[in-house]
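A, B, ... follow the sequence lines: proteins, then strands. Residue 1 opens every chain. Worth saying up front: this structure is predicted, and the values here are computed from it rather than measured.
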Amino acid sequence: MGPATAAAEAALARRAADPLPALRRRDALPLPARLFAQLHALVLTAGLARHSPNFSLLLRLASPLLPVSHRLRLLLSSPLPPTTFLANSLLLASSSSRCLPSALSLYALLFLSSSPPLLRPNAFTYPPLFRAAPPALALALATHSVKFLGAHAASCDRVLGAALLGVFARCGRIASCRRVFDRIAHPDLPAWNALLSAYARLRARDVACATSAADAILELFVRMLSLAIEPNEITLVAVIGACGELGAVSHGVWALVEMYAGCGRLDLAEQVFAAASDRDTRCYNAMLHGLAVHGHGRAALSLLDRMHGAGVPVDGVTVLSVMCACAHAGLVDEGLDYFDRMEIEFGIEPRIEHYGCMIDMLSRAGRLNNAEKLIHEMLIVPNAAIYRSLIRACGIHGKLELGEKMIAELMRLEPDDSGNHVLISNFYARTNRWEDAKKARKEMKSMGIDKNPGSSLVDINGVLHEFLVGDKTHPASKEIYTMVEEIETRLIECGRRSSTSSALFDVEEEDKADTLSYHSERLAIAFALIASNPGAPIRIIKNLRVCADCHESAKLVSRVYGREIVMRDRTRFHHFRDGVCSCGDFW
DNA sequence: GTAGGGTTAG
């Protein structure tokens, strides 16, 4: 017998032992109804159904479009009595989000309806339901599962634990995520990834928590490595993002940090991108976004051309990144054009973020009437960010009436947000309505709303130093403040005009009225000038938008002290060199 | 015993 015959024999033997190998794939698609009926008959008549795993496979191939009653009968057609295992298999077949209602009725019929219920759910019952359900419903199901299985059982199982963690993460409940994770006895890679991704999501969604979330990610990553859990690409997505957040360039373990635009090293990001062998949509999106926040609008558009040329599919994030690039570079017509094409050419439905970017772009360009028109035309309810863009632009372009209309909308949505109140006060200050500006601040104080304190991080020889506005806690505080004064004196000698009264109110979110020139970035720059190696670029990571006064000052410092300053604020990067900023004073 | 979980985006 030759080797080929032997291989065939072996294959036949395997097939005899495992009659349904092709169906064992996890991603097997549901079968068309007729084909399924034939297979069903075959499995029953061939006696395969007496083996629970085989019957389970059959159930998983049932089309989710079959009526619920039909699928219940299917379960009962088994020569074996129905078990939770088989019921879960049936449920798995209908748990895509498309057929959520049918999955829920099955769940209710099998596990809830009669008393006592037909079957009791177990840890395998819920994860597919969580995946299919939208966040709010998934949260309800999660609570339900914990009640049903008991908190102990629910969290002892690390798969259910990871699934629960995912639900809480989608709902922004980071404390619940932490509690669930802490109860998992021996978390494995997906469980760690679920927690890291929960913090990554928090970092991306909530500016106020971004730094602490990034800290948590790095801390968890170190712990995970010490437990010899091997990270994968999913882990790195969270970790690299966190490194970008902190600007922790010198944390050598994560050399990838430098490569990503998040640290302000666009050059390295481009090198990595160029070296990457197989670039998918995500990869292009990351590079496009990097170019966007560094203000390289034209480069982003040309990369987009290459992406189309390479046949890499675009998605909603691609469009968003391109529009963001256009917005930051003032390429309004190009941005409009791409927005118009997204739905028709690429079949991507615009989401609130796209409208937000669009409105921001139009507003920055002073096309406020177009922006307002778009708000009325769009089919989605506008969010607070959209109103904020318009209010900021109305302040700059002196559109009092529209601005006040938008303020009313914003206050309806988010009356308690400190940033909103500062924004409103600045709007009135810019339009010379000083009394209203003061009133807005007073109102904020009387409501007991705390301002979000401005903070800046600077990396000096591998150690991160954080400064808050007016901070005096740094060990070198005395020298730093002396340096701030010295800088100010030198800049005035070199032609800087001192702050005017309008500039005093012209702040985005840090409250300069109280603190004059002690904004966190000035403290960070002063410290960097004292402590960093001469000639090295100064890298600052700021939590809020940089105010016009600090921006002007950073430009001058770059010239007078001959130092390059790279500052990432809440929305983009500013590269200060020789008295000029890469944003072209448009941010 | 069999099956279920992890991929941010301004």
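Counting only heavy atoms from C-beta on, Ala162(A) has its side chain closest to dG5(B) among dG4(B), dG5(B), dG10(B).
Shown here are the salt bridge (charged side-chain N to carboxylate O under 4.0 Å, His left out) partners of Arg298(A), two or more places apart in sequence or in another chain: Glu334(A). For Phe339(A), the ring pair (Phe, Tyr, Trp, His ring centres under 6.0 Å) partners are Tyr355(A), not counting sequence neighbours. With sequence neighbours left out, the salt bridge (charged side-chain N to carboxylate O under 4.0 Å, His left out) criterion links Arg367(A) to Asp333(A). Considering only residues two or more places apart in sequence or on other chains, Arg178(A) meets the salt bridge (charged side-chain N to carboxylate O under 4.0 Å, His left out) condition with Asp182(A). Applying the salt bridge (charged side-chain N to carboxylate O under 4.0 Å, His left out) rule to Asp315(A) yields no partners; only residues at least two apart in sequence or on another chain are considered.
Residue Asn122(A) is classed as a base contact, given a heavy-atom separation below 4.0 Å to a base. Nucleic acid contact class of Arg572(A) (heavy atoms, under 4.0 Å, all strands): none. Ala292(A) comes within contact range of no nucleotide atom at all, as no heavy-atom separation falls under 4.0 Å. Counting non-hydrogen atoms under 4.0 angstrom, Asp360(A) reaches nothing in the nucleic acid. Using a 4.0 Å heavy-atom criterion, one finds that Leu165(A) contacts no nucleic acid atom at all.
Residues from residues 83-92 of chain A lying near DNA chain B, meaning a heavy-atom separation below 4.0 Å, are Phe85(A), Asn88(A), Leu92(A) in numerical order.
Side-chain atoms of Asp157(A) come within donor-acceptor range of the base of dG4(B), with a qualifying N/O pair under 3.5 Å.
Rounded to the nearest 0.5 Å, atoms CH2 (Trp192(A)) and CZ (Phe181(A)) are 4.0 Å apart.
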